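Notes for the one structure printed next.
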Amino acid sequence: MVRPYTDKQLLEKVKSLSSFTNIPDGYWLLGVRSQDDIPNRFDDKIYLFKGEEFVLVTSATTNAGTPTLRQFEKVNKDGAAVLKADEWYYNVWKYGKHNGKVEALLQLGNKVTVYRDTDKDDKSEEQGKLQSGYFGINFHPNTYDLSKPSGTNVGWWSAGCQVVNNIPNYKLMIGLLKREKLVTYCLINEF
């Protein structure tokens with residue numbers, strides 16, 4: 001799991017990135033990708049901020065699940081999408097329904113940059129061809145039924161999406177985030 005950070009440490013880190021222009025005034029998300037990268041597990045964290053004020057943190061994955069890594073052709077012939085870390089993605093997400101089934105943030109704003117991991121192992125790696133565009137890199141839970149507990153394996157729930165497995169936390173987050181016209185996301189590697 002990702003080591004604990006203070007709000008100050010996280011904000012200093014995201015402000016040091018070359019793609020940083022400003023901290024959004026409203027709600028925004030910060031993903032921290034674990035150095036351990038345990039295959040098919042929710043070993044990352046996603047933080048919710050409002051401006052520079054910390055609101056909530058939850059377990060999540062910022063990596064594709066093992067099925068996508070091994071069988072990426074079912075999703076994209078170019079490889080499994082691994083969202084490029086240490087980047088700001090300003091105004092990337094808009095509230096909607098993931099696959100028309102569950103409240104989520106959809107990539108309907110700006111482009112994202114992904115690596116195309118093609119080695120078909122269990123690790124989600126920042127290697128391979130870089131692509132920028134619209135790939136459906138969404139923010140959603142690992143269930144379509146928010147009234148029931150979700151599983152512990154990533155599975156097919158992420159083919160590059162940023163996915164939360166703590167449903168009570170997810171409900172709180174999406175309830176606040178859906179008020180924003182567009183949501184900014186910053187993804188960093190554990191440091």
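We use all heavy atoms of the structure for the numbers below, so side chains are in, but hydrogens, waters and symmetry mates are not. The shown structure was predicted, so the numbers you read here are calculated from the model rather than taken from an experiment.
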Is any side-chain heavy atom of Y47 closer than 4.5 Å to one of L29? no
Where is the tightest heavy-atom contact between A81 and A159, given as atom of each residue plus distance? CB-O, 3.6 Å
Decide whether L187 and V114 are clustered together by the hydrophobic rule: side chain heavy atoms of Ile, Leu, Val, Met, Phe, Trp, Tyr closer than 4.5 Å, transitively. yes
Flag side-chain contact, heavy atom, 4.5 Å: V55 against L172: no
Nearest heavy-atom neighbours spanning K123 and P39: NZ-CD, 4.5 Å
On a heavy-atom basis, the closest approach of V75 and W156 is CG2-CZ3, 3.9 Å
Between K15 and E52, is the closest basic N to carboxylate O distance under 4.0 Å? yes
Can you list the steps and then say if D119 with Q127 is a side-chain hydrogen bond (donor to acceptor under 3.5 Å, both in side chains)? CA-CA 9 Å; D119 63 5; Q127 65 182 22; 2.7 Å; yes
Walk me through it: do D44 and T62 pass the test side-chain hydrogen bond (donor to acceptor under 3.5 Å, both in side chains)? CA-CA 7 Å; D44 303 324; T62 65; 2.9 Å; yes
Rounding to 0.5 Å, atoms CG (L69) and CD (Q71) come to a distance of 10.5 Å
Quick one: are R41 and T61 in side-chain contact, heavy atoms under 4.5 Å? no
Spell out, as yes or no, whether a donor-acceptor pair under 3.5 Å connects the side chain of T184 to the backbone of N91. yes
Charged tip of K129 within 45° of Y115 ring normal and under 6.0 Å: no
Transitive ILVMFWY side-chain link Y5 to I188, under 4.5 Å: yes
Do R116 and N76 have side chains that get closer than 4.5 Å, going by heavy atoms? yes
Rounded to the nearest 0.5 Å, what's the gap from OG on S18 to CD on E87? Could you check? 5.5 Å
Any carboxylate oxygen within less than 4.0 angstrom of a Lys/Arg side-chain nitrogen, looking at R33 and E126? yes
Taking the six-membered ring of F191 as reference, does the cationic atom of K13 (NZ for Lys, CZ for Arg) lie under 6.0 Å from its centre and within 45° of its axis? yes
How long is the straight-line distance from CH2 of W93 back to CG of N138, given to the nearest 0.5 Å? 8.0 Å
Before accepting this row, confirm whether a basic side-chain N of the pair K120/E73 lies closer than 4.0 Å to the acidic partner's carboxylate O. yes
Kindly determine whether T143 and D145 satisfy side-chain hydrogen bond (donor to acceptor under 3.5 Å, both in side chains), including the steps that lead there. CA-CA 5 Å; T143 181; D145 186 348; 6.0 Å; no
I'd like to know whether N63 forms a side-chain hydrogen bond (donor to acceptor under 3.5 Å, both in side chains) with D37, so could you lay out the CA-CA distance, the side-chain angles of the two residues, the decisive distance to 0.1 Å, and finally the verdict. CA-CA 8 Å; N63 297 310; D37 185 25; 3.1 Å; yes
Between the CD atom in E180 and the CG atom in D25, the distance rounded to the nearest 0.5 Å is 9.0 Å
Do the side chains of K171 and L146 get nearer than 4.5 Å, heavy atoms only? yes
Measuring only between side-chain heavy atoms, which start at C-beta, is I46 closer than 4.5 Å to Q162? yes
In terms of the angle between their ring planes, are Y144 and H98 parallel, tilted or perpendicular, with boundaries placed at 30° and 60°? parallel
Given side-chain contact (heavy atoms from CB on, under 4.5 Å), test T58 with Y170 step by step and report yes or no. CA-CA 8 Å; T58 192; Y170 181 79; over 6 Å; no
Interatomic distance, SG@C186 vs CG@L11, rounded to 0.5 Å, equals 10.0 Å
When hydrophobic residues are tied together by side-chain contacts of less than 4.5 Å, even through go-betweens, does L130 share a cluster with V82? yes
Nearest heavy-atom neighbours spanning G155 and N40: N-OD1, 3.0 Å
Would R70 and D122 pass as an ion pair if we require N to O under 4.0 Å? yes
Check for me, please, whether V92 and F49 land in the same ILVMFWY cluster - side-chain distances under 4.5 Å, paths through other members count. no
Pair W28 + W88: ring centers closer than 6.0 Å: yes
Any non-hydrogen side-chain atom of T68 less than 4.5 Å from a side-chain atom of S158? no
Which residue in the set N166, N165, N153, V154 passes side chain to side chain contact (heavy atoms under 4.5 Å, CB included) when paired with N142? N165
Backbone of R3 reached by a side-chain donor or acceptor of E190 within 3.5 Å: yes
Please indicate whether K111 has more than 12 foreign heavy atoms, meaning atoms of other residues, nucleotides or ligands, lying under 6.0 Å from its NZ. no
pair Q131-T113: side-chain heavy atoms closer than 4.5 Å: no
Criterion side-chain contact (heavy atoms from CB on, under 4.5 Å) on V163 and H140, from CA distance to verdict: CA-CA 5 Å; V163 181; H140 61 82; 3.5 Å; yes
As an exercise, state the distance from NZ of K77 to CZ of F72, rounded to the nearest 0.5 Å. 10.5 Å
Using a 6.0 Å distance limit plus a 45 degree cone around the ring axis, check whether R179 lies over the aromatic ring of Y95. no
side-chain contact (heavy atoms from CB on, under 4.5 Å), that's the test. Do Y89 and L83 meet it? Break it down for me. CA-CA 10 Å; Y89 298 100; L83 190 62; 3.8 Å; yes
Flag yes if Y185 and V57 sit in one hydrophobic cluster, no otherwise; membership is Ile, Leu, Val, Met, Phe, Trp, Tyr, and two members link when side-chain heavy atoms are under 4.5 Å apart. no
Derivation and outcome, side-chain contact (heavy atoms from CB on, under 4.5 Å), residues L48 and L176: CA-CA 9 Å; L48 176 64; L176 295 169; 3.8 Å; yes
